[in-house]
There are 2 protein chains.
Amino acid sequence: MTSDPTPVRPVEVDRTSPVPLYYQVATRLQELIESGEIGVGDRIENEVDLADRLGVSRPTTRRAIQYLVERGMLVRKRGVGTQVVHPKVRRPVELSSLYDDLIAGDQRPRTAVLSLKVVPADAKVAAALNLVPGAEVTLIERLRYAGDEPLALMHNAIPLDILDFKHEELEVRGLYELLRRAGRVPRMATQVIGARNATMAEANMLGEKRGASLLTMARTAWDDRGRALEYGSHLYRASRYSFELNLSAG
Amino acid sequence: MTSDPTPVRPVEVDRTSPVPLYYQVATRLQELIESGEIGVGDRIENEVDLADRLGVSRPTTRRAIQYLVERGMLVRKRGVGTQVVHPKVRRPVELSSLYDDLIAGDQRPRTAVLSLKVVPADAKVAAALNLVPGAEVTLIERLRYAGDEPLALMHNAIPLDILDFKHEELEVRGLYELLRRAGRVPRMATQVIGARNATMAEANMLGEKRGASLLTMARTAWDDRGRALEYGSHLYRASRYSFELNLSAG
DNA sequence: GTCAATACTTTGTCCTGACAAAGTCTTGTG
DNA sequence: CACAAGACTTTGTCAGGACAAAGTATTGAC
């Protein structure tokens, strides 16, 4: 015996809006769940009835539900129904930079550009960016602060034809923001997260002691068309930063 | 001027098979891309023609393509077409355990169960597992080896009603494998990855020196119905292990 | 009462058809 | 030649219908 499904209250869709119907429905459902009107464990109304009541087709309703399933809010089971499993959207790991993360967390990031130069790519960078060895890249070294505390030491290599950087801009905006503004939208990335002990030089720059634990993150990002945009090799103070991920298995 | 789209060679779908059509189509496309018959950067045939030629409907074709888009192989653009951006599927972060990873990497894992007991959950564990404080959980402490080298020190807490563990089984099988066999399938997890320096005791167990950098990973896993299955707090030798992730932005 | 067969509910797959929106290419005008 | 208007291509959204498959609940036989 399962409890009766919670009927979704008057949801009106706006057919004059440019926002897709399925998205309107998904958003409304998401609100109801986030606000707690539909609680975790509750079953929502079945697709057919819901579609009828909203005045949209079943495929549209299915698509809305699918959208929330992919975000980890709902779980469907054939013959059973659709249940709420989590009260807020769990986004998969974000493709954003530390700068964006800090902005989102109200941390007043500040960036010092330590060096900015064009050099031939070394073997590792060339391999990561899929360039011929010796091709020129922009090498950037930055130190990022959160408030007044240093947080991360970042090294990036960007192929020359992707974008040419201005020192001043990099102090004010994040690398990913600059890339996006230039129409180089990162779409995919592979990351490797590890850790090691700080060298003396690294410790000094980051305000840690020699040997302190540092998180390492190496990332290559690609755009739409599969062009490598950026290779980054970063060091984070483990005492101040960690990576959060949400995983879901299909 | 873009090059002409690569036509997909004779693909026949099998309507007697229980495998969904969209999945058959997606699999076939994936093979063509992985084998290199359709190269990175190539455009594939448009949805309408492809559907016609395969003898399936356009929604079915779209669904197949969508499947590969979500896996980072293809990119679609309205008015332009669908392009190959990556020659193999990039799965999002896997919901698997270290044991599975090692098996997949041919590393002959071995596990020593250091302790296995039932105790009341402390505040942190109770919060992570969404239990009332004081509810009983199984606490497991294990040391994992890859070959002969110690690799990770793992602490897990599992609510009593999820599964009761036998010492011998844990030595032979991974925790996630046992959960799955018991019908407790992990569906979702949140992880936090950080790092810190090893204490003397940790260093001794892991065969590192005191102060060596360790990767920390804390994870809570949920099943289908949103029940918390497991809270794990693990330590990895940073000198021997790192986390790899693939990210993609919608 | 127990257990298997049956009916019912609900999601999964698939089809056809239609129009909208965003790019790209062509064409014609100044 | 430059540039804007329009034609064309291609993906995006949406409808409505049909049947399949997997659970759940009910019923009936023993």
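All chains are named by letter (A, B, ...) in the order of the sequence lines, taking the proteins before the strands, and each is independently numbered beginning at 1.
One can place CD of A:Gln83 at 13 Å from C1' of D:dG23, the figure rounded to the nearest angstrom. Taking atom NZ on B:Lys77 and atom P on C:dA22, their separation rounds to 14 Å, with Å as the unit. For A:Ile44 and C:dT11, the CD1 to C1' distance is 11 Å, given to the nearest whole Å. Nucleotide C:dC8 holds its P atom 16 Å from the CG atom of A:Asn46, rounded to whole Å. Between the CD atom of B:Gln66 and the C1' atom of C:dT13 there is a distance of 16 Å, rounded to whole Å. For A:Glu45 and C:dT9, the CD to C1' distance is 14 Å, given to the nearest whole Å. Whole-Å rounding puts the B:Asp49 CG to D:dT9 P distance at 10 Å. Protein atom OH of A:Tyr67 is 15 Å distant from nucleotide atom P of D:dG12, rounded to whole Å.
Applying the 4.0 Å criterion to OP1 and OP2 of C:dT11, one finds that A:Thr82 has a side-chain N or O inside that range. An OP1 or OP2 oxygen of D:dG12 is reached within less than 4.0 angstrom by a side-chain nitrogen or oxygen of B:Arg62.
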**OP:** Go along nucleotides 14-22 of chain D 5' to 3' and tag each nucleotide: B for a protein heavy atom under 4.0 Å from its base, S when only backbone or sugar atoms are that close, - otherwise.
**Re:** SBB-B--BB
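By the side chain to side chain contact (heavy atoms under 4.5 Å, CB included) test, B:Leu116 is found to be paired with B:Val113, B:Thr138, B:Ile140, B:Phe165, B:His167, B:Leu170, residues two or more places apart in sequence or in another chain being considered. In terms of the side chain to side chain contact (heavy atoms under 4.5 Å, CB included) criterion, residue partners of B:Pro59 (sequence neighbours excluded) are, by chain and number, B:Ser57. Qualifying side chain to side chain donor-acceptor pair (under 3.5 Å) partners for A:Arg58, counting only residues two or more places apart in sequence or in other chains: A:Glu47. In this view, B:Phe243 and B:Tyr236, B:Tyr241 satisfy the ring-ring contact (aromatic ring centres under 6.0 Å, His included) rule, not counting sequence neighbours. Every residue two or more places apart in sequence or in another chain that forms a side chain to side chain donor-acceptor pair (under 3.5 Å) with A:Asp14 is listed here: A:Thr16.
Relative to the ring axis of B:Tyr67, B:Arg71 places its NZ or CZ within 45° and under 6.0 Å from the centre.
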